[in-house]
Amino acid sequence: MALMLIFEKILRFMKYEQINSELFKKNRAKFMAQMKPKSIAIFNSNDIYPISADSTMPFQQHRDILYLSGVDQEESILLLFPDAIDKKNREILFVRETNEHIAIWEGAKLDKEQATAVSGIQSVHWLTDFDKVFFGLMTEAECVYFNTNEHYRQSVETQTREDRFIIKCKKDFPAHSWAKSNPILQQIRGVKEAEEIKLIQHACNITEKGFRRVLKFLKPGIWEYELEAEFLHEFIRNRSKGFAYTPIIASGNNANVLHYIENNNQCKDGDLILMDVGAEYANYSSDMTRTIPVNGKFSKRQRQVYEAVLRVKNEATAMLVPGTLWAEYHIEVGKVMTSELLSLGLLDKADVQNENKDWPAYKKYFMHGTSHHMGLDTHDYGALKTPMKPNMVFTVEPGIYIPDEKMGIRLEDDVVIMEEGSPFNLMRDIPIEIDEIVDLMNK
Ligand code: GLY
Ligand code: MN
Ligand code: MN
């Protein structure tokens, strides 16, 4: 009962329903099982990034501390020390001290009881105690795990709280050794727990609602930003914070600009519109792309190219099974795409015979990757050099981009790798077949 009351209080903090702390306990156990003896690992929240004057960007929690604790609040630190002499020091959470003043101006922050309910961590301190507690534990430890960002697509210029912590820690404790958290996180975050797959499914279901709303709304003359607004309306009313990533709503030739995010053009009769849009839910992403005709009817050529992309997507999906190697998978998908481009008359045999193996001919029309891990981050952590495993979640997103024909078509679903057989499609209910899309648009 007491726990129920605490959960009710916590519900007021976030739009999403509280996640059971068992998930975070399992996540921490997986991380700690891979730590070296006598080591401490530290995970920091993100900063709240300034705009100017007193304006700030909305807070986005660092996905690692979230994954390991569930704490969705700024200025929090998680400390893991599996070999701590005193058991209560094996997992410690530090949160910003809350008070009446903060409650009135910003809204209540987690108190110690609530922080325990969210995370399953019994030892909770105010952040102001961190230096003292950390110093005491460092006298028992030999090594510190730093949480650097080694994501294959990362490109960060800002100094994060993690970066500042690393600089200070190296200065204060020069006789300790250092280790990296990221390789462990890449590996464990890449394989999802059942609870996480449910949350991703939930995000996909919200995306579906947005797409169905847009299918009814779209007609010639509508502006791309009006479609963006329709998606956002549906997302927020379903307890999502909004887009999992900046949406691409690209009509006509805009679809050939891969990262088109202006969404500021008018949709014209006869054009296709590519929409790469996903809702977030409880910080989990969904990542969907659908390409549909502005006027509700596909021309013969649009249909031909669309069917080709859909076939590539279906064939690629079937390759996502345990044991598949990501790099080899991309080579195989490239072969399927090459054959479709030959059939469409976009490539000829000579193009393929003379192709550069490092940049095959198909890349002229399909220049991005087919799949990435998806989860707490849209381009999620996950092993890419070792064989695929069950419960990894990948996107499948082939496209054919033909600026000369004023069209770009991409189709993207999110799928879970199964123990056996084809992957499970988390977007199975989001219309993708031409007949269904045309039907829904013309109702
Ligand atoms: N929306 C980003 C991607 O598809 O990878
Ligand atoms: Mn996408
Ligand atoms: Mn994607």
Side-chain angles (χ1 to χ4, degrees), residues 60 63 151-155 189-190 192 196-197 199-201 203-211 214 224 227-228 231-232 234-235 240-251 254-263 272-281 283-292 306 309-310 312-314 316-317 319-320 326 329-330 333-334 337 363 365-382 384 388 392-401 408-417 423-428 430-432:
Q60 280 279 351
R63 299 306 194 244
H151 189 272
Y152 69 119
R153 293 168 79 144
Q154 72 86 25
S155 135
R189 272 185 51 185
K192 273 65 177 174
E196 296 186 279
I197 292 173
L199 291 165
I200 299 171
Q201 179 70 74
C204 292
N205 295 350
I206 298 174
T207 301
E208 177 188 350
K209 289 185 180 167
F211 181 59
V214 160
E224 292 161 352
L227 300 173
E228 183 174 341
F231 273 111
L232 192 59
E234 202 59 39
F235 290 178
S240 158
K241 268 194 305 229
F243 297 109
Y245 51 89
T246 310
I248 297 167
I249 305 197
S251 60
N254 298 329
N256 293 311
V257 180
L258 292 181
H259 291 154
Y260 172 81
I261 52 171
E262 285 74 19
N263 306 341
L272 293 176
I273 179 161
L274 180 157
M275 298 180 287
D276 186 342
V277 180
E280 75 81 55
Y281 180 73
N283 295 295
Y284 281 85
S285 294
S286 62
D287 187 2
M288 174 200 79
T289 309
R290 291 292 183 269
T291 309
I292 60 178
Y306 189 100
V309 176
L310 189 54
V312 177
K313 182 181 150 305
N314 291 338
T317 303
M319 296 178 205
L320 294 173
W326 191 69
Y329 159 76
H330 277 92
V333 175
M337 181 58 91
K363 294 265 188 193
Y365 298 100
F366 173 40
M367 57 298 273
H368 57 76
T370 309
S371 294
H372 54 81
H373 284 274
M374 227 272 320
L376 277 171
D377 285 291
T378 305
H379 296 158
D380 208 23
Y381 285 176
L384 290 174
M388 292 181 187
M392 286 183 164
V393 174
F394 281 100
T395 63
V396 193
E397 49 180 307
I400 297 180
Y401 307 92
I409 297 178
R410 175 164 70 254
L411 298 171
E412 175 174 26
D413 279 346
D414 306 334
V415 305
V416 187
I417 299 208
F424 181 74
N425 189 347
L426 298 169
M427 296 190 154
R428 64 204 171 280
I430 307 186
I432 197 163

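In what follows, residues are counted from 1 in the order of the sequence shown. This structure is a prediction, so every number in the text was calculated from the model and none was measured. Start at 1 and go down the list; that is how both ligands and their atoms are numbered.
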Might you work through the side chain to side chain contact (heavy atoms under 4.5 Å, CB included) test for T317 and D413, ending with a clear yes or no?
CA-CA 9 Å; T317 303; D413 279 346; over 6 Å; no
Could you walk me through whether H372 and D287 pass the side chain to side chain donor-acceptor pair (under 3.5 Å) test, one step at a time?
CA-CA 10 Å; H372 54 81; D287 187 2; 3.0 Å; yes
Report yes if some heavy atom in the side chain of L426 is under 4.5 Å from a heavy atom in the side chain of I197; otherwise report no.
yes
Quick one: does I248's side chain get under 4.5 Å of R410's, heavy atoms only?
yes
Taking C-beta and beyond as the side chain, do Y401 and L274 meet within less than 4.5 Å on heavy atoms?
yes
Rounded to the nearest 0.5 Å, the NZ atom of K313 sits from the OG1 atom of T289 at a distance of 10.5 Å
Can you tell me how far apart CG (L376) and CD (E280) are? Round to the nearest 0.5 Å.
10.5 Å
Protein N/O/S atoms closer than 2.8 Å to the Mn ion (ligand 3) number 4
Any protein N/O atoms within less than 3.5 Å of an N/O atom in ligand 1? List the atom names and distances, or say none.
from     : atom 1 : to   : atom 2 : distance (Å)
ligand 1 : 1 (N)  : D276 : OD1    : 3.1
ligand 1 : 1 (N)  : D276 : OD2    : 3.1
ligand 1 : 1 (N)  : D287 : OD1    : 3.2
ligand 1 : 4 (O)  : D276 : OD2    : 3.3
ligand 1 : 4 (O)  : D287 : OD1    : 3.4
ligand 1 : 4 (O)  : D287 : OD2    : 3.2
ligand 1 : 4 (O)  : E397 : OE1    : 3.0
ligand 1 : 4 (O)  : E412 : OE1    : 3.2
ligand 1 : 4 (O)  : E412 : OE2    : 3.2
ligand 1 : 5 (O)  : H372 : NE2    : 3.0
ligand 1 : 5 (O)  : H379 : NE2    : 2.7

Electrostatic pair D380-K192, nearest N-O below 4.0 angstrom
yes
Worked check of side chain to side chain contact (heavy atoms under 4.5 Å, CB included) between I292 and F211:
CA-CA 11 Å; I292 60 178; F211 181 59; 4.0 Å; yes
